[in-house]
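Everything on this sheet refers to the single structure shown next.
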Amino acid sequence: MSDYAIFFDYGNRTYRLPVNPDEVKVKSSLSVEKYEVLGLDQIAVPTRMELKEYSFDCELPRKAYHYVRTPNRFKDADYYLKRFERWRSGLVPVRFIATNGIGDDINTLVLIRDLDITERAGEEGDKYVSFSLIEYKPYGKASQLLKMDDGHYVVKETAAAETENPKNSGTHTVVKGDTLWAISKKYYGDGSKYTKIYQANTDKVKNPALIYPGQILTIPN
């Protein structure tokens with residue numbers, strides 16, 4: 001069985017943990033609401049997928065023992081723990097990557113929810129840490145783990161390409177009966193986004209409730 005290389009990426013820096021854990025646990029749950037229905041007893045209605053949770057245990061040693069995977073870039077336990085606490089107190093998500101070279105990698109934004117730290121008698125300075133992470137919904141970015149020529153890893157993030165609405169040619173000519181709400185629903189599938197159209201046309205629409213046949217409105221993507 002292969003162990004897992006663990007990376008955290010934050011602020012354009014990638015941190016690899018010095019010792020690989022043997023396992024990474026992933027918890028994925030479907031949220032279900034239960035109802036009592038007369039004549040049918042109890043039924044379950046699926047509502048959404050819950051955020052994934054990740055957990056693993058790993059050692060953060062005080063010095064570069066022979067089994068450390070980052071001998072040329074070794075940092076001791078305090079180095080990592082200070083960063084983890086800084087990210088947690090700053091309430092910021094970090095990118096979490098786990099790979100064992102088999103199958104798909106775990107590559108997602110997370111919040112470090114819990115850190116349980118143990119220091120054992122006779123091993124002073126070595127820290128044994130249990131991580132509990134929860135998925136953080138990304139803001140439209142994709143990432144890729146890259147191995148550099150000198151052997152270290154970096155994470156490259158790219159903004160996801162916006163999907164263009166095939167109905168949108170960039171403009172809309174107002175016809176009788178049109179409203180910004182209806183136009184928004186036509187192009188975005190959501191009438192509540194009418195302010196997006198209004199903001200793009202304030203030079204010709206002074207009141208979002210008043211548009212007139214023949215007006216040519218800009219429809220932003």
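The structure displayed is predicted, hence computed values, not measured ones. Worth knowing before you read on, the calculation uses all heavy atoms, side chains too, and leaves out hydrogens, waters and symmetry mates.
In this structure a side-chain-to-backbone donor-acceptor pair under 3.5 Å is missing from Arg69 to Asn20. In this structure a side-chain-to-backbone donor-acceptor pair under 3.5 Å is present from Glu124 to Gly122. Of the possible polar contacts, none joining the Asp178 side chain to the Val174 backbone as a donor-acceptor pair under 3.5 Å is found. Listed for the Gln215 side chain is no donor-acceptor partner under 3.5 Å among the backbone atoms of Thr173. For the pair Tyr80 (side chain) and Arg16 (backbone), a donor-acceptor distance under 3.5 Å is present. Glu23 places no side-chain N or O within donor-acceptor distance of the main-chain N or O of Phe56, the cut-off being under 3.5 Å.
The CD atom of Gln199 sits 6.5 Å away from the OG1 atom of Thr202 when rounded to the nearest 0.5 Å. Taking CD from Glu53 and OG from Ser28, the interatomic distance works out to 10.0 Å, rounded to the nearest 0.5 Å. Distance CG/Asn201 to OG1/Thr218: 4.5 Å, rounded to 0.5 Å. Distance check, rounded to the nearest 0.5 Å: CH2 of Trp181 to OG1 of Thr195 gives 10.0 Å. Considering CG of Leu133 and CD1 of Ile106, their distance stands at 9.5 Å, rounded to 0.5 Å. In this structure, the separation between CZ on Arg120 and NZ on Lys127 is 13.0 Å, given to the nearest 0.5 Å.
In the hydrophobic cluster analysis, where Ile, Leu, Val, Met, Phe, Trp and Tyr join through side-chain heavy atoms closer than 4.5 angstrom, Leu115 is grouped together with Val92. Phe8 and Leu109 are assigned to two separate hydrophobic clusters, defined by single-linkage of ILVMFWY side chains at heavy-atom distances under 4.5 Å. Clustering ILVMFWY residues whenever any of their side-chain heavy atoms sit less than 4.5 angstrom apart, transitively, puts Leu111 in a cluster other than the one holding Ile117. Linking Ile, Leu, Val, Met, Phe, Trp and Tyr whenever their side-chain heavy atoms come within less than 4.5 Å leaves Tyr67 and Tyr4 in two separate clusters.
Note on Arg62 versus Asp78: no salt bridge recorded, every NZ/NE/NH1/NH2 to OD/OE distance being 4.0 Å or above. Using a cut-off of 4.0 Å between Lys/Arg side-chain N and Asp/Glu carboxylate O, Glu85 and Arg83 are scored as not salt-bridged.
Side chains of Tyr65 and Asp126: a donor on one and an acceptor on the other come within 3.5 Å.
Between Trp87 and Tyr15, the ring center distance clears the sub-6.0 Å criterion.
Applying the under-4.5 Å side-chain rule to Ile, Leu, Val, Met, Phe, Trp and Tyr, the cluster around Val32 extends to Leu30, Met49.
Other residues, nucleotides and ligands contribute only 12 or fewer heavy atoms inside 6.0 Å of the NZ atom of Lys27. By the neighbour-count criterion of 12 heavy atoms within 6.0 Å, atom NZ of Lys196 is densely surrounded, having more than that number from other residues, nucleotides or ligands. Tyr128 OH: more than 12 foreign heavy atoms inside a 6.0 Å radius.
When all heavy atoms are compared, the tightest approach of Ala182 to Thr179 is N-OG1, 3.0 Å. Closest approach of Leu17 to Cys58, counting heavy atoms only: CD1-SG, 3.7 Å. Residues Pro46 and Ala44 share a closest heavy-atom pair of CD-O, 3.9 Å. Across all non-hydrogen atoms, the minimal contact from Ile183 to His172 is CD1-CD2, 3.6 Å. The shortest heavy-atom contact between Ile134 and Arg113 is CD1-NH1, 3.6 Å. Closest non-hydrogen pair, Arg13 versus Asp9, comes out as O-OD1, 3.1 Å.
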Evaluate Thr99 against Asp105 for side-chain hydrogen bond (donor to acceptor under 3.5 Å, both in side chains), listing each step before the verdict.
CA-CA 5 Å; Thr99 177; Asp105 298 340; 2.7 Å; yes
Kindly indicate, with the supporting measurements, whether the criterion side-chain hydrogen bond (donor to acceptor under 3.5 Å, both in side chains) is fulfilled by Glu135 and Tyr54.
CA-CA 8 Å; Glu135 181 183 10; Tyr54 306 91; 5.0 Å; no
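Between Phe131 and Phe84, the two ring planes are perpendicular [angle over 60°; tilted spans 30° to 60°].
Geometrically, Lys63 does not engage Phe74 in a cation-pi contact defined by less than 6.0 Å to the ring centre and at most 45° from the axis. With a 6.0 Å cutoff to the six-membered ring centre and a 45° limit on the axis angle, Arg95 does not count as a cation-pi contact of Phe7.
Within the 4.5 Å cutoff, side-chain heavy atoms of Leu81 are placed close to those of Leu60. The closest side-chain heavy-atom distance from Ile197 to Ile219 is below 4.5 Å. Taking the side chain as every heavy atom from C-beta outward, Leu51 and Lys137 approach each other to under 4.5 Å. The closest side-chain heavy-atom distance from Pro61 to Asp76 is not below 4.5 Å.
Looking at Leu180, Leu217, Asn207 one by one, the single match for side-chain contact (heavy atoms from CB on, under 4.5 Å) with Tyr198 turns out to be Leu180. Under the side-chain contact (heavy atoms from CB on, under 4.5 Å) test applied with Pro21, the options Val129, Ile6, Asp57 reduce to a single match, Ile6.
The side-chain contact (heavy atoms from CB on, under 4.5 Å) search around Asp114 returns Ser132, not counting sequence neighbours.
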